[in-house]
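To keep things clear, I will list the structure first and then write my remarks on it.
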4 protein chains.
Amino acid sequence: MAKSRFEYVKGFENHPILLLNTYIAVRIDGRGFHQFSKEHNFTKPNDVRALDLMNQCAKSVMEEYTDIVIAYGESDEFSFVISKKSQLYKRRESKIVSCIVSRFSSSYVFYWKDFMGDTPLKYPPVFDGRAVCYPSLENIRDYLSWRQADTHINNLYNTCFWLMVQDPSQKYKSEKEVENILKDTNSSQKNELLFSQYNVNYAKLPEQFRKGSVLYSDKRNVTEIGKNGKEVVRSRRVIVIDHCDIIGEDFWKQHPHILP
Amino acid sequence: MAKSRFEYVKGFENHPILLLNTYIAVRIDGRGFHQFSKEHNFTKPNDVRALDLMNQCAKSVMEEYTDIVIAYGESDEFSFVISKKSQLYKRRESKIVSCIVSRFSSSYVFYWKDFMGDTPLKYPPVFDGRAVCYPSLENIRDYLSWRQADTHINNLYNTCFWLMVQDPSQKYKSEKEVENILKDTNSSQKNELLFSQYNVNYAKLPEQFRKGSVLYSDKRNVTEIGKNGKEVVRSRRVIVIDHCDIIGEDFWKQHPHILP
Amino acid sequence: MAKSRFEYVKGFENHPILLLNTYIAVRIDGRGFHQFSKEHNFTKPNDVRALDLMNQCAKSVMEEYTDIVIAYGESDEFSFVISKKSQLYKRRESKIVSCIVSRFSSSYVFYWKDFMGDTPLKYPPVFDGRAVCYPSLENIRDYLSWRQADTHINNLYNTCFWLMVQDPSQKYKSEKEVENILKDTNSSQKNELLFSQYNVNYAKLPEQFRKGSVLYSDKRNVTEIGKNGKEVVRSRRVIVIDHCDIIGEDFWKQHPHILP
Amino acid sequence: MAKSRFEYVKGFENHPILLLNTYIAVRIDGRGFHQFSKEHNFTKPNDVRALDLMNQCAKSVMEEYTDIVIAYGESDEFSFVISKKSQLYKRRESKIVSCIVSRFSSSYVFYWKDFMGDTPLKYPPVFDGRAVCYPSLENIRDYLSWRQADTHINNLYNTCFWLMVQDPSQKYKSEKEVENILKDTNSSQKNELLFSQYNVNYAKLPEQFRKGSVLYSDKRNVTEIGKNGKEVVRSRRVIVIDHCDIIGEDFWKQHPHILP
């Protein structure tokens, strides 16, 4: 088609490429979700409905972008790992980051009602995103371990924090006071505090809270209706949502195809 | 809080910065919207409801990010211009692009029903995004002119194309045939074709189709209910949606504050 | 010619482009020149021969790269400003930086003897380089002013420092002691110290030391031998080396062609 | 020290970092060396003195930057491979590229006389440089193989070209004619041409021409004068210059420490 004399402005674009033969981790993060979770009355420290909604959004992203081999989420953040060999959008950074963030964000509104029921969504949420390249298998494993270790640290803290803030005896005057008490405690002190004061055995809390969510594609037996109208069990590739440990070796030995 | 031994992976991140003292144009673009518009029965060549929905999403972005001084949209794309002096997210490229794309995408689902009524949204849409820096006033004006010139070129073509494809006499056998006829015509030939074959005066078509949509913040008189319960007219800063020419000088002379 | 199966590795290259329509400042800086100047017995605080050698290297760079409109140097650093419209090496950052650094470095050895006479060069020196884009005339003017203001600050300090360190009375025990004395003094105190202790009027020191060196291309009358064997005066474009103020307006009013 | 109001211009700098845990290949390349080699009467197709000078420059670079684990050179280009774990200049791209190019360029002039004898150097040469990251051992091995395969292709071609151009019978009218003849020949035809027309067995030509130059650090027995004034043989780390095959496995099996 005809070109205008303004066409030259396209020359100002640049298209940074994510280094070939590296794992790409795209991490998205809810913006202002402290406020967002308050306005939508999320249960503290963990709202299962909101976490399941996040998982559904991640699944929606993985269905659209099959070069994603594993995703890991906690709280209001999610990480997507793209395979080393992927040529998605010719590895253009802006395209990859913006499309994943876009699909996640539109999914969040699209599936809201399915998970949050009658709670109305008050305004369109915002997630930011970034891409990071990791050259080696060790690096990308450590990236995922970093996020899961973070989940543990945050969840242990938040579990203490909210039990103390919501203590029926109102023995703590303010959130500030609770913060000050907790900031000098280590893990075992927090575990002890939970058990002695609130009779909570941290290790028995749901794995979804303690381990976060792991999504990957796997073969599963799926019951379908065959051509003859009868039920038939077929092996299909589906996206699995799990809450298991991914820091140790077991998970990776059982799923060698994820990060070959 | 405690740090894990995996923390080192943060060192692999880089944070490209958009050059200081330049205008930033963030352009977002619907992915697979040819298909998307078909599946949702958009009127061709222009669906007012869908265009108005796009405008509402752009408005939602501008309400969130007040450093955006003007936005321009057509079809399934929108450009947002951020002021030269803006320090939004310290001008980090990934943050700026991903947050604008995210807000636009979540808004698209959030406001869908308000514009598309009973037409159900079948799946969460995806928009990609990119940022481009323009150093001079001339450059950024030319960027906006480039997009508006493109709107004209595309809309004239599409108006011909869809009238011919939907010709009641079915004189054209296929979309391919129409493409072949149109590809060698210039603007005046297309205008002539519209007028002679379909009695359409292109210049009389709605400006929204021919000029696209221009959004900017401006002072307008707004009727409000005062403290005394009576109506009062106040001058307020509101986001205006216009369909005017932004290639010539008139618009810029009338709104000198937009690109000072 | 034939291609090998290893050719794919070229795909890992990226070629960052310096933003169009911006001034490019390439600054080079001697590495380890504190040590280098000691080993080659440079006069302190300023060695005219070494400064003139730097200027000759800068001239050599400007003769090779005519898109450089002005250069400014002091001590062991030099800045080269490339015009906004330049398409030198398609504005590829690596090419521009590496070629300017390379020409400067090879010139330093090439012209060494012409300036340093019998002092042998002990080893090949190293200069690093970087490129920075400046969008506006004000920005690039301020960049040059920044470097010249720095020259003043450094030279005033160094003049004090070396006079004190080399004080015939040896009243200061060590370089460390002198540093400690100077670190809390402002400009006027340093001027006063020079005058009262060493009878030095700072303002009368050579401009080359106080203002640094400014190189630009200008028309000058040059005496040449004409075809008839007689001397003839012709107006030629030559590279001028000056030591004038470039912070104020005068220089720029007199040379409007440098940064149009 | 005091800061000026121009200091803000430093904020325009950016400092791209070469991805952690990747091999960095810095390749430098003579600019205009076709012309340079003519003006300095280099022997064609290979001038041993000029090649040895290049090797000495590469050695000079490796002595300065000990994170370089191997270098490979041919004709007027050289590649330097920096170890994966290197933190040289915090992996800042501009610093790494400019410093290596600078040291190479100043060395070229510094050592010129040692290799080129009475041939005067007419002007300071220019080399450009670039850095490329390679994530895996396979990638960096393939990079080096790519350069050595290129040496073979170029040298075979150039050997034919110059023998034909300098053919005593002057049977070829021009360089253009020779180019036209050669452009459609494959390797074995070129080998055959050399043997039948010029009685040259390509495989017997010096390895330096056919394989290029490989530089790496290795332990060698060095004869030194001990404290007692007598000669003593000690094992020292020295930079070795070799002309061996680095495409096959043998070299790497013998030197496992180079790319661990």
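Below, chain A is the first sequence line, B the second, and so on; all start at residue 1. The shown structure was predicted, so the numbers you read here are calculated from the model rather than taken from an experiment.
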Value rounded to 0.5 Å, distance of [atom1] in [X] from [atom2] in [Y]:
X: C:Asp29; Y: D:Cys99; atom1: CG; atom2: SG; value: 9.5 Å
X: C:Asp128; Y: D:Ser94; atom1: CG; atom2: OG; value: 9.0 Å
X: D:Tyr8; Y: C:Asp142; atom1: OH; atom2: CG; value: 3.5 Å
X: C:Ser98; Y: D:Phe127; atom1: OG; atom2: CZ; value: 11.5 Å
X: D:Ser105; Y: C:Phe104; atom1: OG; atom2: CZ; value: 12.5 Å
X: D:Arg31; Y: C:Glu64; atom1: CZ; atom2: CD; value: 9.0 Å

Taking [options] one by one, which has the highest count of heavy-atom pairs under 4.5 Å against chain D?
options: C:Leu144, C:Ile247, C:Val126; value: C:Val126
options: C:Gly129, C:Ser145, C:Ser106; value: C:Ser106
options: C:Leu121, C:Ile28, C:Ile96; value: C:Leu121

Heavy-atom proximity to chain D below 4.5 Å, by part of C:Arg141: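 Neither the backbone nor the side chain of C:Arg141 comes within 4.5 Å of chain D.
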Is chain D contacted by the side chain of C:Ser60, its backbone, both, or neither, given a heavy-atom distance below 4.5 Å?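 Only the side chain of C:Ser60 comes within 4.5 Å of chain D.
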Heavy-atom contact with chain C under 4.5 Å, split by part of [X]:
X: D:His152; answer: neither
X: D:Phe12; answer: both
X: D:Cys133; answer: backbone
X: D:Arg147; answer: neither
X: D:Val9; answer: both
X: D:Arg103; answer: both

Among D:Glu93, D:Arg5, D:Arg27, residue most engaged with chain C (heavy-atom pairs, under 4.5 Å):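 Sorted descending by pairs with chain C, the first entry is D:Arg27.
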Most contacts with chain C, counted as non-hydrogen pairs under 4.5 angstrom, among D:Pro125, D:Ala149, D:Ala131: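 Counting heavy-atom pairs under 4.5 Å, the top option is D:Pro125.
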Close side-chain approach of C:Arg92 and D:Arg130, heavy atoms under 4.5 Å: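 Yes; the side chains approach each other to less than 4.5 Å.
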Is there a side-chain contact between D:Phe6 and C:Gln148 (heavy atoms, below 4.5 Å)?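 No, every pair of side-chain atoms sits at 4.5 Å or beyond.
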Under 6.0 Å from the CD atom of C:Gln87, do we count more than 12 heavy atoms belonging to anything else shown?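 Yes.
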If you take all heavy atoms of C:Tyr134 and D:Lys10, which pair is closest and at what distance?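 Closest heavy-atom pair between C:Tyr134 and D:Lys10: OH-N, 4.5 Å.
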Minimum heavy-atom distance C:Trp146-D:Glu7, with the two atoms named: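 Shortest heavy-atom contact: NE1-OE1, 3.4 Å.
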Proximal to chain D - members of residues 111-120 of chain C, heavy-atom separation under 4.5 Å: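 Residues C:Tyr111 are the ones that qualify, each having a heavy atom under 4.5 Å from chain D.
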Give me the contact list for residues 175-194 of chain C versus chain D, heavy atoms only, anything under 4.5 Å, ordered by residue number.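 Within residues 175-194 of chain C, no residue comes under 4.5 Å from chain D.
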